[in-house]
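Quick note on labels: first sequence line is chain A, next is B, and so on, each numbered from 1.
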Amino acid sequence: MSSLAFNTLNEKQHEAVTTLEGPILIIAGAGSGKTRVITYRIANMLESGIPQSQILALTFTNKAAKEMEERVKELTGKKLQNLTISTFHAFGVKILRQDIEMLGWRSNFSIYDDVDRNQLIKETGRELGFTADALDVYKIGSLFSNIKIGRWDWESANDQYRKLYEEYQSGLKLYNAVDFDDLIGLPIKLFREFPEVLQKYRDRYKYIMVDEFQDTSIQQYLLMHAIADRNVAVVGDDDQSIYSWRGANYENILMFERDFPGVREIRLEQNYRSTETILAAANGVISNNTNRKDKALWSGNGSGKPIEIFMPENESAEADFICEMIQSLCISEKRSYGDFGVLIRANTLTRAIEEGFLQANIPYTVSGGTSFFQRKEIKDIISYLRVISNHDDDINLLRIINTPRRGIGRKTIEQINEIAKNQKCSLWTSINALISAQESPLADKMKIELESFVNMITEQRSLLLGGKGLAKKVRAMVDTVNYMDYLMQEYQKNEKAARFKFLNIEHLITSIDTWENNPDNFDTGLYAYLNRITLISRDDMEDDSLKGKVSLMTIHASKGLEFPVVFIAGAEEGLIPHARSLEEGDGNVEEERRLFYVAITRARDKLFISACRKRRKMQNVVDCTPSPFLDEIPANLVEYHEPQGEVSDDMALNILASMKNKFTM
DNA sequence: TTTTCTATCAGCAAC
DNA sequence: TGATAGAAAA
């Protein structure tokens, strides 16, 4: 008898969980128990005797992958050593580490994130003699990305950057590095050119699942399609497609039906998450979209409380409002801080709200934005590790060669670069050539500096690559390079900042420690660690730290999550829909609406929305209008709190007191 | 030649 | 507000 509690599934869910053979398309509305269906389905496969090694589940975020794995582990009580649950990108890395040598890279290649990529574009562009205004790396970066993911081609794009693109590509190869888009693109290339490699994967994976299918790009679809035989289950919801700017293409659903004949479609339409009020609001909004599959999402959770819309004077009043609400709900409804999610459209909006939290002493975590791993001090340390593991990684070498300051400045680097360019070699090789050259153009002093840098890296390499205890060794390395002294010196005038950065590094080392002591982790080497962290952009390093804290994040980052109480802050025209999306055409407005829909449907019990009347933008204060989407919420579900005009402090306190009263009843 | 200081510019979403 | 490029100072 199966130990799985199938009786807790509804009829449709049950169908999805027990249909293991053949292609299926699961249309899963918001809150319809999608994650549950996927985890039960995997557990069911395992119970039916399908070996772990044959199962491949692809997700969008690390968070989702991790959560899925944990839930399957709970359900089955098994060790999951051979089960592959990973993000598309992590799966790509896995393939490339195995076989990238066939494409001319070495298997210890570095993975460049956007910052690294833009840096490389800038360097390459300068060499090619682009002027500063033609070298908008942000734009060029996204152009290149769009080319790589197959959204644009050179016919339609701006040709003047074509040469730069080619140089950029050969730069990557020279430095033994790949960028994020390559993590999907190169495996496809590998499969095309070396069918025997593809066959390995086709032989292994017999059951494939894809989560958030509406957000997969054409390339990701192709990667999946290359491996898949016919037992493929894709799960998605076209109303929650919010990544078209990253190449998501909901026409993949049509392609899927074409490429896999006999698709069985299963619709999950019962929402288990939200109150009827919240769901009706969401449905009211999304029904304004023309381009969608019609759906009848319903909830049996009772009508619940009305949605409240506030119009604070400015962003700091908004922050105060959110803080007050959270604190009064903690008392009146015995909520804990972990019950709240505060959602925003753009990372720049976090500041005011964070300040509010700090002032009110409310514990919180921010995810997305300048994530932990994007912080300068963390990137520096990671750059050391990357150069230690891959000497030819020029971008990371440049980052650290003079950090902390070693007196190796622009002129010296130019000379190194010159040699590298002439010899078509990496900077590392070029430095070594300079050191051992008899007649060198460099001053002796510089030679000594460079030599000690090279020796330090080489020494660290032999230390870090052998044996156990990575965390300890990293700490020793940080000491060896005197990084802490460097911080103190650089931030003399701002001791707080220095202390903060100091702590971040401690944090990093602790996280390495927990990582290597995790019993589920069999490879605790440096490569494995670097492998893992390049793909983590959100701070899902410590799960337990999330408990008891208010979550502050972008709407994009909130996908797949839920909170008992949700605040949507900054619901203003120009933010949602974002001003940029209006410039680009009306398809984008529909995506903005879907984004707003995703935000609403994160809420279980109660939803607050706020739209400021004025907001600081850059240096000046701008008048704001509420988002037009607010009018699309049926009026009977909403309590509007109109602005009172200028409110004196006394009055504000009174209003607060009465609000608190209302919630203590 | 390298470091430090000052002025200027620009800001959507993420693996 | 932060990052970055160019100018002045060491």
Starting from [atom2] on [N], measure out to [atom1] on [X] and report it in whole angstrom.
X: A:Glu449; N: B:dT1; atom1: CD; atom2: P; value: 16 Å
X: A:Ile401; N: B:dT3; atom1: CD1; atom2: P; value: 12 Å
X: A:Asp136; N: C:dA5; atom1: CG; atom2: P; value: 12 Å
X: A:Asn118; N: C:dT4; atom1: CG; atom2: C1'; value: 14 Å
X: A:Asp114; N: B:dG11; atom1: CG; atom2: P; value: 15 Å
X: A:Phe596; N: B:dC12; atom1: CZ; atom2: C1'; value: 17 Å
X: A:Tyr138; N: C:dT4; atom1: OH; atom2: P; value: 14 Å
X: A:Arg616; N: B:dG11; atom1: CZ; atom2: C1'; value: 13 Å

Hey, can you tell me if [X] and [Y] have their rings parallel, tilted or perpendicular (30° and 60° cut-offs)?
X: A:Tyr243; Y: A:His556; result: perpendicular
X: A:Phe357; Y: A:Tyr364; result: tilted
X: A:Phe91; Y: A:Tyr205; result: perpendicular

Does a nitrogen or oxygen in the side chain of [X] sit under 4.0 Å from OP1 or OP2 of [N]?
X: A:Thr348; N: C:dT1; answer: no
X: A:Arg580; N: B:dC12; answer: yes
X: A:Asn347; N: B:dA14; answer: yes
X: A:Thr554; N: B:dC12; answer: no
X: A:Lys139; N: B:dG11; answer: no

Classify the nucleic acid contact of A:Lys122 as base, sugar-phosphate or nothing, counting any heavy atom under 4.0 Å across all strands shown.
->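 Sugar-phosphate contact only - A:Lys122 comes under 4.0 Å of backbone atoms but never of a base.
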
Would you indicate what A:Phe60 reaches in the nucleic acid, counting non-hydrogen atoms under 4.0 angstrom: base, sugar-phosphate, or nothing?
->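 Sugar-phosphate, backbone atoms only, no base.
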
With A:Asp239 as reference, evaluate A:Arg594, A:Gln214, A:Arg292 under the side chain to side chain donor-acceptor pair (under 3.5 Å) test and give the passing residue.
->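 The residue from A:Arg594, A:Gln214, A:Arg292 that satisfies side chain to side chain donor-acceptor pair (under 3.5 Å) with A:Asp239 turns out to be A:Arg292.
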
Report yes or no: is the ring centroid of A:Tyr243 under 5.5 Å from the six-membered base ring centroid of B:dA14, with the two planes under 30 degrees?
->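 The base of B:dA14 is not stacked with A:Tyr243 (the test needs centres under 5.5 Å and planes under 30°).
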
5' priority, DNA chain B, between A:Arg351 and A:Arg405 [closest heavy atom] =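 The answer here is A:Arg405.
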
A:Lys501 and A:Asp380: salt bridge (Lys or Arg N to Asp or Glu O under 4.0 Å), yes or no, with the steps?
-> CA-CA 11 Å; A:Lys501 284 161 192 286; A:Asp380 283 347; over 6 Å; no

A:Lys411 side chain: which of B:dT1, B:dA13, B:dT3 is closest?
->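 For A:Lys411, the side-chain atoms sit closest to B:dT1.
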
